[in-house]
Protein chains: 2
Amino acid sequence: MIQDPYSLPAEEFYERGHTYFLPHISIDCVIFGFHDNQLKVLLLEWKDSLRWSLPGGFILKDEDIDQAATTILLKRTGLEKIHLQQFHTFGDPNRDRKKHGINPPKGSNSKGWLMDRFVTIGYWALVEHSKVTPTPDAFSRSCSWCEVSEVPELILDHNLIIEKALESLRQQLNDYPIGFNLLPAKFTMPELQSLYETILGEKLDRRNFQKKILSLGILTRLNERKQGGAHKAPYLYKFDRKKYQMALKRGLSFGI
Amino acid sequence: MIQDPYSLPAEEFYERGHTYFLPHISIDCVIFGFHDNQLKVLLLEWKDSLRWSLPGGFILKDEDIDQAATTILLKRTGLEKIHLQQFHTFGDPNRDRKKHGINPPKGSNSKGWLMDRFVTIGYWALVEHSKVTPTPDAFSRSCSWCEVSEVPELILDHNLIIEKALESLRQQLNDYPIGFNLLPAKFTMPELQSLYETILGEKLDRRNFQKKILSLGILTRLNERKQGGAHKAPYLYKFDRKKYQMALKRGLSFGI
DNA sequence: GTTTTATTGTGTTAATCGTACACAATGATA
DNA sequence: TATCATTGTGTACGATTAACACAATAAAAC
């Protein structure tokens with residue numbers, strides 16, 4: 001028994017995965033990034049080049065499910081500390097590759113464990129786009145960012161999973177200041193506003209937005225401005241974890 | 001193969017359950033009721049009389065997980081149409097009866113499927129207390145209501161599951177008008193307010209509460225008053241599903 | 001270099017919403 | 001018949017949100 005079954009070649013993973021993992025249970029991750037004023041998700045392109053799917057994985061027989069999700073995130077992005085959120089478990093009995101006409105790799109047993117019905121636990125994650133190294137898994141030829149509104153048809157119910165993840169993300173963005181996880185350490189107010197507008201899908205008033213965000217008292221304005229863009233250079237801000245902790249104690253009222 | 005494995009005697013269920021259900025996956029239900037101005041949950045007392053647990057069950061190999069939860073609800077309450085909400089999946093590897101010193105029934109195989117590690121999908125449900133017929137399962141001697149703040153120590157992480165369910169319920173109660181599911185068809189404003197106060201754990205102003213609730217435009221005041229109590233008889237109201245649908249379309253702003 | 005342009009930084013006003021609060025009406029009880 | 005606890009209703013104030021205007025600035029155009 002080796003330590004990391006994900007390092008196995010695809011054929012062996014397919015034939016022997018069931019000795020490592022809980023059967024019938026998987027994890028799927030909707031990994032959000034923000035780039036060029038667009039909200040993107042990380043997708044895998046299969047080696048047969050005809051199918052796309054969400055990054056996913058399985059749960060070791062003695063592994064915590066959050067830990068399993070963290071491992072998947074690390075493998076696909078190279079990042080360790082990631083804002084991670086379980087949001088829904090999908091249990092339609094048609095979540096079954098056989099029923100969707102997905103065949104096992106050539107030469108493999110067509111009754112392999114991967115061809116069973118799976119209940120999948122959905123997680124979404126927020127990552128800083130520029131820090132991610134998209135890395136395909138053993139079954140994929142590529143791993144790449146895709147704008148949320150341009151996601152192609154994915155296997156099984158993965159399109160539905162993205163929809164539900166977005167819904168949950170919008171909800172959370174309204175209740176907690178989690179948007180910073182999608183931006184670099186230093187960012188401008190217009191960048192933050194654009195992020196909110198993109199995710200929530202509505203235009204916001206520039207002045208009221210700034211007032212609201214600053215009133216939370218969790219940002220520090222730096223003595224730097226973002227140079228390079230055309231027009232007036234905006235200030236840079238950073239998210240202040242200490243201020244955030246203090247604000248939490250006295251009760252943080254959010255809602256954009 | 002019979003149709004309903006839950007009808008099996010406990011011993012047979014224990015020995016042969018794995019032929020019907022997905023392994024390593026369970027469902028646990030936090031069933032909320034409101035009575036005597038108290039929020040209650042339905043608990044099972046085991047036949048050995050020393051342990052308590054949440055009502056739960058398993059997923060048939062070709063069954064939808066929401067359907068599986070609905071079946072559990074029906075078995076324990078006798079009710080069919082129930083407001084049901086999946087809220088979290090619990091996947092600590094220590095969710096394992098062996099690790100918690102829980103023994104299988106006497107004479108049974110100590111390596112039975114029920115002794116494995118389980119990932120459990122948590123649902124909460126809102127029911128009308130007076131309509132429920134609490135019904136124990138094959139492993140339990142009783143099924144009864146327990147005030148939320150007086151829940152005894154339960155098996156595994158079931159106390160944690162209740163905590164998380166409550167958290168999710170409070171959140172939802174703030175976002176959607178779901179409280180009516182806990183009351184009879186006809187109810188008074190003081191009853192509804194008491195329900196909100198109990199779940200949210202705070203006193204509310206009587207007049208502002210009424211204003212807010214009525215402004216939603218989803219209640220109909222009946223030409224009846226609730227007789228019998230001491231003091232002035234309050235009006236009866238009913239939740240109006242049609243008005244609710246219309247309100248949803250024009251955007252329902254909630255938040256108590 | 002000067003002008004133009006799009007964008008940033010900031011503050012004021014009006015409208016809305018939430019909170020605090022008072023008094024008359026009612027039904028049972030004393 | 002008087003008392004009491006509770007219900008039904010309305011108003012005033014403060015806080016929050018939404019709408020809106022103008023000066024400052026950095027790059028680009030001329």
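Protein chains get the first letters and strands the later ones, always in sequence-line order, with residue 1 at the start of each.
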Task: Contacts of Gln210(B) that satisfy side-chain hydrogen bond (donor to acceptor under 3.5 Å, both in side chains) - sequence neighbours left out - done: none

- [ ] To the nearest Å, give me how far apart NZ (Lys203(B)) and C1' (dT19(C)) are.
- [x] 17 Å

TODO: For Gln171(A) and Asp175(B), test the side chains for any donor-to-acceptor distance below 3.5 angstrom and give the result as yes or no.
DONE: yes

- [ ] Under the ring-ring contact (aromatic ring centres under 6.0 Å, His included) rule, collect the residues that match up with Phe239(B), sequence neighbours excluded.
- [x] Phe180(B), Tyr244(B)

Open item on the list: Would Trp145(A) and His35(A) count as a ring pair (Phe, Tyr, Trp, His ring centres under 6.0 Å) here? Give the steps.
Closed with: CA-CA 10 Å; Trp145(A) 291 106; His35(A) 190 62; 8.7 Å; no

Open item on the list: From CD of Gln210(B) over to C1' of dG8(D), roughly how many Å is that when rounded to an integer?
Closed with: 7 Å

Which protein N or O atoms sit under 3.5 Å from an N or O of nucleotides 13-17 of chain D?
from	atom 1	to	atom 2	distance (Å)
dT17(D)	OP1	Lys212(A)	NZ	3.3

TODO: Would you name the heavy atoms of Leu44(A) and Ser140(A) that are closest together and state the gap between them?
DONE: CB-OG, 3.5 Å

Task: Rounded interatomic separation in angstrom, taking CZ from Phe209(A) and C1' from dG9(C) - done: 15 Å

TODO: Send over the distance from Glu224(B) CD to dT26(C) C1', rounded to a whole Å.
DONE: 18 Å

Open item on the list: Check this for me: does any side-chain nitrogen of one of Lys242(B) and Asp240(B) sit under 4.0 Å from a carboxylate oxygen of the other?
Closed with: no

Task: By side-chain hydrogen bond (donor to acceptor under 3.5 Å, both in side chains) - contacts of Thr120(B) (at least two apart) - done: Ser26(B), Asp28(B)

Task: NZ/NE/NH1/NH2 to OD/OE distance under 4.0 Å, Arg51(B) and Glu45(B) - done: no

Task: Between dT7(C) (C1') and Lys226(A) (NZ): distance, integer Å - done: 15 Å

- [ ] Please state how far atom CG in Leu216(B) lies from atom P in dG18(C), giving the value in whole angstrom units.
- [x] 11 Å

- [ ] Starting from P on dT8(C), measure out to CG on Leu192(A) and report it in whole angstrom.
- [x] 13 Å

Open item on the list: Run the side-chain hydrogen bond (donor to acceptor under 3.5 Å, both in side chains) test against Lys75(A) and tell me which residues pass, sequence neighbours left out.
Closed with: Asp4(A)

Open item on the list: I need a per-nucleotide contact map over nucleotides 20-30 of chain D, read 5' to 3'. Cutoff is protein heavy atoms under 4.0 Å; write B for the base, S for backbone only, - otherwise.
Closed with: BB--BBBS---

TODO: Nearest whole angstrom, please: distance from the P of dT9(D) to the CD1 of Ile213(B).
DONE: 16 Å

